[in-house]
Peer 1: 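Could you have a look at this structure, given as structure tokens, before my questions?
Each ligand, and each atom within it, is numbered from 1 in the order the structure gives.
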Amino acid sequence: MGRLQALIFDVDGTLADTERDGHRIAFNQAFHEVGIPWNWSIDLYGQLLAIGGGKERIRYYIEQYEPDFLSTENLDDLIVNLHQLKNQYYRKLLDQGLIPLRPGVQRLIQQAKQAGIRLAIATTSALPNVLALLENIPIQPNDFEIIAAGDIVPAKKPAPDIYFYVLDKLGLNSENCLVFEDSHHGFLASKTAGLKTIITVNDYTKNQEFTDAVLVINHLGEPDQSLTVLTGNMPLKGYLDLEFIQSIF
Ligand code: XBP
Ligand code: MG
């Protein structure tokens, strides 16, 4: 049995609810700016989240919904440009302070830091988007020893590569780490890397499949904001803390 040495966090949907009111809005603003008449509704975006990575998501949308665009000259460049524009709009949304941390995230990270537990990030998002988020919330980028993001590995989640990358950089085995994820694809990635995982669902992911997760909860909870357990067992404390996490190792 391992000893807990590091917590590894997914970003979008886990640290903060960035998708529906962040990335989605920014994608639509980018389409509008270049005069492309696409509008990704909340429901449609939920389906598009099956594809990780902003550039990959645009390409998938074109293949599925706008196949005429496939013959666009320099399609790759168009996608890269749209993604960069989207990222600029996403940063503007973050700078307005509209996307807070999810309940319990700051408390748990603080507790882990004080206890000498190492911290890392493993995300599909592009690095500038991760840094833009961290700049606008009460967590510092240097709180995390490793920030593994975006194209740093060729195969994005649900492939386990990003987690293997983080384990390698930390120099730790999977049995010494705990992951926090919010989505089925993220969970597949951490599970395939042999990592224990706690899931904090959101509206887009609450009905997804998380077999073998340590715990599926609606959020990490706070002393004055109780969490709800969807699957698994934890003491009736109302919030998740290091004491509970250490008890599962
Ligand atoms: C979530 C994603 C990302 C974001 C957009 O990643 O799928 O693709 O929607 O990211 P995770 P970029 O949950 O692993 O953080 O536009 O920056 O690619
Ligand atoms: Mg996520």
Peer 1: Inspect the contact between E181 and K157 and indicate whether a charged nitrogen and a carboxylate oxygen are less than 4.0 angstrom apart.
Peer 2: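 Salt bridge: yes.
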Peer 1: Can you list every ring-ring contact (aromatic ring centres under 6.0 Å, His included) pair that touches residues 90-124, not counting sequence neighbours?
Peer 2: H23-Y90
Peer 1: With a 4.0 Å cut-off on N to O distance, would you call R20 and D17 a salt bridge?
Peer 2: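 No.
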Peer 1: With a cut-off of 2.8 Å, which protein N/O/S atoms are close to the Mg ion (ligand 2), if we only count those under it?
Peer 2: D10 OD2, D12 O, D182 OD1
Peer 1: Can you confirm whether the side chains of E19 and Y45 place a donor and an acceptor under 3.5 Å from each other?
Peer 2: yes
Peer 1: Donor-acceptor pairs under 3.5 Å, side chain of residues 76-85 to any protein atom, not counting sequence neighbours: which ones?
Peer 2:
unit_1: D76; atom_1: OD1; unit_2: R59; atom_2: NH2; d: 2.6
unit_1: N81; atom_1: ND2; unit_2: D77; atom_2: O; d: 3.3

Peer 1: Give the protein residues with at least one non-hydrogen atom closer than 4.0 Å to an atom of ligand 1, ordered by chain and number.
Peer 2: D10, V11, D12, E19, H23, Y45, G52, G53, G54, R57, H83, K86, T123, T124, S125, A126, N129, K157
Peer 1: Between T200 and D182, is any side-chain donor less than 3.5 angstrom from a side-chain acceptor?
Peer 2: no
Peer 1: Mind listing the closest non-hydrogen atom pair of L220 and L227 along with its distance?
Peer 2: O-CD2, 3.3 Å
Peer 1: Once you round to the nearest 0.5 Å, how far does CE of M234 lie from CD1 of I217?
Peer 2: 6.5 Å
Peer 1: Dump the intermediate steps for ring-ring contact (aromatic ring centres under 6.0 Å, His included) on W40 and Y65, then the final yes or no.
Peer 2: CA-CA 11 Å; W40 289 359; Y65 297 93; 8.9 Å; no
